[in-house]
There are 2 protein chains.
Amino acid sequence: MSNNQFKRGELYSVVNGMATTAVARRLQKNFRNAGLDITIEQWSVLYHLWKEDGLSQLELGNRTFRDKASTTRLIDNLEKQELVVRVASKEDRRINLVYLTDIAKPLQQITYELANQTMNEALLDITKEEIDIVKNVFQRVYDNLTNKDLL
Amino acid sequence: MSNNQFKRGELYSVVNGMATTAVARRLQKNFRNAGLDITIEQWSVLYHLWKEDGLSQLELGNRTFRDKASTTRLIDNLEKQELVVRVASKEDRRINLVYLTDIAKPLQQITYELANQTMNEALLDITKEEIDIVKNVFQRVYDNLTNKDLL
DNA sequence: GACATATAGTTAGTTATGCAACTAATATAA
DNA sequence: TTATATTAGTTGCATAACTAACTATATGTC
């Protein structure tokens with residue numbers, strides 16, 4: 001069960017929607033203009049840390065649909081760029097808690113602005129009912145497949 | 001414009017739907033049992049060749065949402081496994097036409113069977129109307145974003 | 001307490017991805 | 001017809017993906 005999770009490479013786009021790509025592209029371009037070379041994948045990790053700082057690597061992997069090996073290396077790279085630090089948990093020393101640095105924190109504002117703006121453009125003429133149907137269909141397809149151990 | 005195409009890593013899942021993953025997993029497991037180690041990505045190329053043999057690399061890249069560099073290397077690997085051969089086009093010698101070998105051809109039957117079976121399981125209780133709505137929403141999100149050059 | 005088991009994370013190995021710079025062949029324009 | 005631009009494909013580079021094997025810490029059971 002614990003090993004029966006989504007894999008990012010295959011399903012991330014579905015789960016997060018097509019607009020994610022556009023948001024990430026825009027962010028990437030913007031960060032690059034500001035001298036920061038952040039990949040789309042790294043951005044997805046930062047995004048979750050802005051929502052909740054100090055997550056464990058495993059939890060970050062779950063939230064971004066990555067296995068732990070991929071998560072390890074993504075955080076390696078983020079640490080190299082000093083956007084993030086690993087801190088061993090006091091309660092359980094197996095666990096690394098990941099915290100944003102002072103370099104990463106100010107990026108949140110512009111990220112959110114760009115994300116909102118892009119989402120609004122992407123979903124311009126899509127109604128709430130349609131979004132609900134799409135979500136519901138995905139959930140049922142997912143259920144149908146996981147029931148058969150196919151995902 | 002020509003460079004403004006989908007990139008597989010980001011959008012393949014959306015375009016082809018979640019069920020693709022399950023189909024590919026099942027195929028991969030089955031092929032492996034038969035001694036053939038075909039990756040999910042390689043399978044996606046074979047799939048299009050079964051539909052239409054002798055496509056150019058560029059056309060294969062378009063149909064599988066990959067850039068030409070990725071396509072080159074996927075076909076390298078398929079050629080190593082002798083599932084596919086490159087033949088220079090007589091009309092335009094820049095073009096490589098990609099053909100299935102006699103090893104690859106018989107795999108089509110089992111592939112299609114598994115794909116149908118998996119699709120039926122995935123879409124078990126989804127109605128045609130719902131599928132149409134999902135497709136339509138994707139198309140409109142895609143249009144909204146490409147209109148702004150965001151994809 | 002000791003031994004087996006589970007969990008968090010790392011490392012190694014292979015494939016894949018995207019960008020950019022390149023080669024070779026073809027098409028266009030002067 | 002020669003110079004220029006375009007097109008198809010390849011190669012180099014860095015990042016990322018997944019699997020499997022590994023280390024270290026924690027938990028459970030006898």
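Bear in mind the structure is a predicted one, so any value in this text is a computation, not a measurement. Just so we're on the same page: letters track the sequence lines, and every chain starts at 1. Side chains are part of it too, since the values below use all heavy atoms of this structure and drop only hydrogens, waters and symmetry mates.
Nearest approach of B/Leu100 to B/Lys105, heavy atoms of both residues: O-CE, 3.9 Å.
Here A/Thr39 reaches the OP1 or OP2 of D/dA16: one of its side-chain N or O atoms lies under 4.0 Å away. Applying the 4.0 Å criterion to OP1 and OP2 of C/dT23, one finds that B/Arg93 has every side-chain N and O outside that range. OP1 or OP2 of C/dT10 has at least one side-chain nitrogen or oxygen of A/Arg86 nearer than 4.0 Å.
Across the protein-nucleic acid pair, A/Leu58 atom CG and C/dA8 atom P stand 5 Å apart, rounded to whole Å. Following rounding to the nearest Å, B/Glu41 (CD) and C/dG18 (P) show an atom-to-atom distance of 11 Å. Between the NZ atom of B/Lys68 and the P atom of D/dT11 there is a distance of 13 Å, rounded to whole Å. One can place CG of A/Asn62 at 14 Å from C1' of C/dG9, the figure rounded to the nearest angstrom. Atom P of nucleotide C/dG9 and atom CG of A/Asn96 are separated by 6 Å, given to the nearest angstrom. Distance NZ (B/Lys90) to P (C/dT26): 14 Å, rounded to an integer number of Å. With rounding to whole Å, B/Leu55 atom CG is found 11 Å from D/dG9 atom P. Straight-line distance from the CD atom of A/Gln42 to the P atom of D/dA17: 10 Å, rounded to whole Å.
Between A/Tyr47 and A/Tyr112, the ring planes are tilted. Angles from 30° to 60° get that label.
Using a 4.5 Å cut-off between side-chain heavy atoms of Ile, Leu, Val, Met, Phe, Trp and Tyr, A/Tyr99 falls into a hydrophobic cluster with A/Val85, A/Val87, A/Ile95, A/Leu97.
There is a side-chain donor-acceptor pair under 3.5 Å between B/Asp67 and B/Ser70. Under 3.5 Å, the side chains of A/Arg94 and A/Ser89 contain no donor-acceptor pair of N or O atoms.
The cluster map of Ile, Leu, Val, Met, Phe, Trp and Tyr, joined by side-chain heavy atoms under 4.5 Å apart, puts B/Leu60 and B/Trp50 in the same cluster.
Formation of a donor-acceptor pair under 3.5 Å by the B/Arg140 side chain with backbone atoms of A/Asp125 is found in this model.
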Report summary line: Intra- and inter-strand pairing of DNA chain D, written as dot-bracket with Watson-Crick and G-U pairs under 3.5 Å and | for the latter, reads ||||||||||||||||||||||||||||||
Query raised in the report: Can A/Leu74 and A/Thr64 be said to form a side-chain contact (heavy atoms from CB on, under 4.5 Å), step by step?
Result: CA-CA 11 Å; A/Leu74 260 182; A/Thr64 59; 5.8 Å; no
Requested in this report: Could you walk me through whether A/Asp76 and A/Lys80 pass salt bridge (Lys or Arg N to Asp or Glu O under 4.0 Å), step by step?
Outcome: CA-CA 6 Å; A/Asp76 284 348; A/Lys80 257 186 244 160; over 6 Å; no
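For residues 70-81 of chain A, proximity to DNA chain C is found at A/Thr72, A/Arg73, defined as any non-hydrogen atom under 4.0 angstrom from a strand atom.
Between A/Asp92 and A/Ala69, the residue anchored closer to the 5' end of DNA chain D is A/Ala69, taking for each the nucleotide with the nearest heavy atom.
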